[in-house]
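Counting convention: from 1, in listed order, for ligands and their atoms alike.
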Amino acid sequence: MKQADIDALRGKSIAPQGLFIDGNWTQPLNGGRLDVLSPIDGKVLTTIADAGAEDVDRAVRAARIAFERGSWSRMAPAGRKKVLLKLADLIEAHALELAVLGVRDNGTEISMAYKAEPLSAAGTFRYYAEAIDKIYGEIAPTQADVLGLIHREPLGVVAAIVPWNFPMMIGAWKVAPALAAGNSVVLKPAEVASLTLLRLGELAAEAGLPEGVFNVVTGRGGVTGEALGLHMDVDAIAFTGSGGVGRRLLEYSARSNLKRVHLELGGKSPNIVFADAPDLDQAAKVSAFGIFRNSGQVCVAGSRLLVQASVYDRFMERLVAVTRGMRVGDPLDLASDAGAVSSAEQLAKNLGHVTAAEEDGARLLTGGNRLKEETGGYYMAPTIFDEVTPAMRLAREEVFGPVLAVSRFEDEAEAVRLANATVYGLASAVWTTNLATAHRMVRAVRAGVVHVNTYGGADITVPLGGFGQSGFGRDKSLHAFDKYTDLKTAWISLG
Ligand code: NAP
């Protein structure tokens, strides 16, 4: 990836966007439009369609008709594989265009976005495409005069509702296994990060996905998202986002057709550094990047750092130095370590958390302020508070921004107690050279993933999901198929 190629794309005009329904672009029936502001400079990039309930209904109907038609749902797995592999190739062929478009939309630094968005999405489509013709049904160990067959069937119409951080990566985690299993999908991106997923709709059609199998509807969460949640003909919702909206989706399900709801929610993930960490300098560097990349807008971000008292001062000195050295700025500049916060609203929320931490008595070590206000963009300094106690709001509430809460611990028991003093349970890390400590911590920390001597970086082969209020259901790995398929028993008399 070259800076000149990025710069050639950064000013490209973006046409007003439609809804992608039944293989075609269409406009919302109510004519509603929403401005898309770029977090780089706060200026209007383009507009997207503000879909109402009637547009959602059109998309769901198209998806249902496509499912019943069977041209995708009953296609041989090897056929679906071919189309999804082509889609992966197309995403990869357009990777830079997609990455720059996404960065202009949501502000993630390009060095991260390029890999984490189009390239990761292409890999995800490839993984599920390759998997689908290698998964077999089962024969039950029954008595001799019957044959018990266990089939795995697609559900029908799956709605995917995704957040604004990493829309392509997270979108692909849901759309790829759902499509590979034979479902039809209606995808609703977040208002502030819709552009790349609209383009995905177009690429899916180019790859040969039959009309109506994959639809993208944009609009406001409380309108477009709610209409999907309440729709009587949606069989399942795969959601990533906040706990508040997750709760609403469960209510919508209860009030409508009891559709399945799979929730990937927030986190307040503990990153635990023992005195015998293999390399404290490296641990400090990885810990800083583990919270501050993408301006902290990473669900698994290590937002609570727990450091053993005997190395606390040395470790913190290094961590603060690395943090102060991070370059926050234009997300389309390859040299930026962190780009812009996704929206003015999110920036205001982040700064509100800073004020709350100060009110609660935490000590500000660095950051805490907005940067580059003169650009009109939404930049924030990587921020570290220490002397954070479990009762403080900064220890309990997810910021989803570049704000790190640090506490010290004396021994393993205290580390476990602090780590688990949260309603969340998404991710965590342990830094130690002691194998027994590492294994004990893997068992003791309540989280969907425990990294050891690293932070982040898990690939598509392993599941991601939460314990506690971080949700349920798992994205990624072959386990994701459980969310998009149903088991059916055939009990056949041989007598
Ligand atoms: P959010 O506000 O919950 O929004 C997520 C999605 O839900 C968006 O598409 C949003 O649309 C939509 N939505 C909002 N209100 C809705 C409603 N009443 N009914 C149906 N849909 C509705 O979350 P966010 O601010 O975009 O994302 C940040 C959150 O996602 C954080 O908590 C983060 O930890 C979590 N996250 C979790 C994971 C994971 O894997 N566990 C990964 C990434 C992010 P609009 O944006 O258009 O309102």
query: To which protein heavy atom is atom 28 (C) of ligand 1 closest, and what is the distance rounded to 0.1 Å?
result: Phe400 CE2, 3.5 Å
task: Would you mind reporting whether Asp50 and Pro28 have side-chain heavy atoms less than 4.5 Å apart?
output: no
task: Determine whether Asp330 and Arg10 make a side-chain contact, defined as any pair of heavy atoms from C-beta on separated by less than 4.5 Å.
output: yes
message: Could you tell me if Trp164 and Asp105 have a donor-acceptor pair between their side chains, going purely by distance under 3.5 Å?
response: no
message: Just to confirm my output: which protein heavy-atom neighbour is closest to atom 41 (N) of ligand 1, and how far is it?
response: Leu265 O, 2.7 Å
For atom 40 (O) of ligand 1, closest protein heavy-atom neighbour: Cys299 SG, 3.5 Å
query: Would you say Glu398 and ligand 1 have an N/O pair spaced under 3.5 Å apart?
result: yes
- line: Counting from 1 in the order shown, the ligand 1 atoms closer than 4.0 Å to a non-hydrogen atom of Glu226 are 19 (N), 20 (C)
task: Indicate yes or no: does an N/O atom of Lys188 lie under 3.5 Å from an N/O atom of ligand 1?
output: yes
field: Donor on one side chain, acceptor on other, Arg446 and Ser470, under 3.5 Å
entry: no
- line: Within the 4.0 Å heavy-atom cut-off, what Ile170 brings close to ligand 1 is side chain
message: Pairing donors with acceptors under 3.5 angstrom, does anything connect the side chains of Arg304 and Thr422?
response: no
query: Phe20 and Phe214: ring-ring contact (aromatic ring centres under 6.0 Å, His included), yes or no, with the steps?
result: CA-CA 8 Å; Phe20 192 74; Phe214 180 50; 7.3 Å; no
field: Taking atom 35 (C) of ligand 1 as the reference point, the nearest protein heavy atom with its distance
entry: Gly241 O, 3.3 Å
query: With a 4.0 Å cut-off on heavy atoms, does Phe166 reach ligand 1?
result: no
- prompt: What do you reckon, does Leu426 have a nitrogen or oxygen under 3.5 Å from a nitrogen or oxygen of ligand 1?
  reply: no
- request: Check each of Arg260, Arg64, Lys259 against Asp235 using the side-chain hydrogen bond (donor to acceptor under 3.5 Å, both in side chains) test, and report the only one that passes.
  value: Arg64
- request: Before signing off on this row, confirm whether Gly221 and ligand 1 have an N or O atom pair separated by under 3.5 Å.
  value: yes
message: Polar contacts were defined as any N/O atom of the residue lying under 3.5 Å from an N/O atom of the ligand; does this apply to Leu464 and ligand 1?
response: no
query: Which of the atoms of ligand 1 are close to Arg248, meaning less than 4.0 Å from one of its heavy atoms?
result: 18 (N)
query: Is Pro189 in contact with ligand 1, taking contact as a heavy-atom separation below 4.0 Å?
result: yes
query: Any salt bridge between Arg152 and Asp482, counting N to O under 4.0 Å?
result: yes
statement: A student comparing Leu249, Asp50, Val245 should find that the heavy atom closest to atom 22 (C) of ligand 1 comes from Val245
statement: heavy-atom search around atom 20 (C) of ligand 1 in the protein gives Gly225 C, 3.2 Å
message: Do Asn106 and Ser342 pair up side chain to side chain, a donor and an acceptor below 3.5 Å, judged on atom types alone?
response: no
statement: Paired with Arg80, the side-chain contact (heavy atoms from CB on, under 4.5 Å) test is passed by just one of Leu209, Ile132, Val213, namely Ile132
task: Looking only at distances, please establish whether an N/O atom of ligand 1 is found under 3.5 Å from an N/O atom of Tyr252.
output: yes
query: Any protein heavy atom under 4.0 Å from atom 30 (O) of ligand 1?
result: yes
query: Is there any N or O on Gly219 that sits under 3.5 Å from an N or O of ligand 1?
result: yes
- prompt: Given side chains that start at C-beta, do those of Leu426 and Cys299 come closer than 4.5 Å, heavy atoms only?
  reply: yes
query: For atom 8 (C) of ligand 1, which protein heavy atom lies nearest, and how many Å away is it?
result: Val162 O, 3.3 Å
message: Is it the case that ligand 1 has an N or O less than 3.5 angstrom from some N or O of Ser470?
response: no
message: Just to confirm my output: which protein heavy-atom neighbour is closest to atom 1 (P) of ligand 1, and how far is it?
response: Ser242 OG, 3.5 Å
field: No-hydrogen, no-angle side-chain donor-acceptor test under 3.5 Å, Asn24 and Thr26
entry: no
- prompt: Among Thr47, Thr218, Val36, Ile48, which residue meets the side-chain contact (heavy atoms from CB on, under 4.5 Å) test with Gln17?
  reply: Ile48
message: Counting only heavy atoms, tell me which of Glu191, Glu264, Arg247, Gln297 gets closest to atom 46 (O) of ligand 1.
response: Glu191
query: Do Arg393 and His353 touch side chain to side chain, with heavy atoms closer than 4.5 Å?
result: no
- prompt: Would you say Phe292 and Val328 make side-chain contact, with heavy atoms under 4.5 Å?
  reply: no
Any N or O of Asn165 closer than 3.5 Å to N or O of ligand 1: no
field: Side chain proximity check, Glu202 to Trp25, heavy atoms < 4.5 angstrom
entry: yes
- prompt: To which protein heavy atom is atom 27 (O) of ligand 1 closest, and what is the distance rounded to 0.1 Å?
  reply: Pro163 CB, 3.3 Å
task: Report yes if some N/O of Trp164 lies less than 3.5 Å from some N/O of ligand 1; otherwise report no.
output: yes
message: For Thr240, which part has a heavy atom under 4.0 Å from ligand 1: side chain, backbone, both, or neither?
response: both
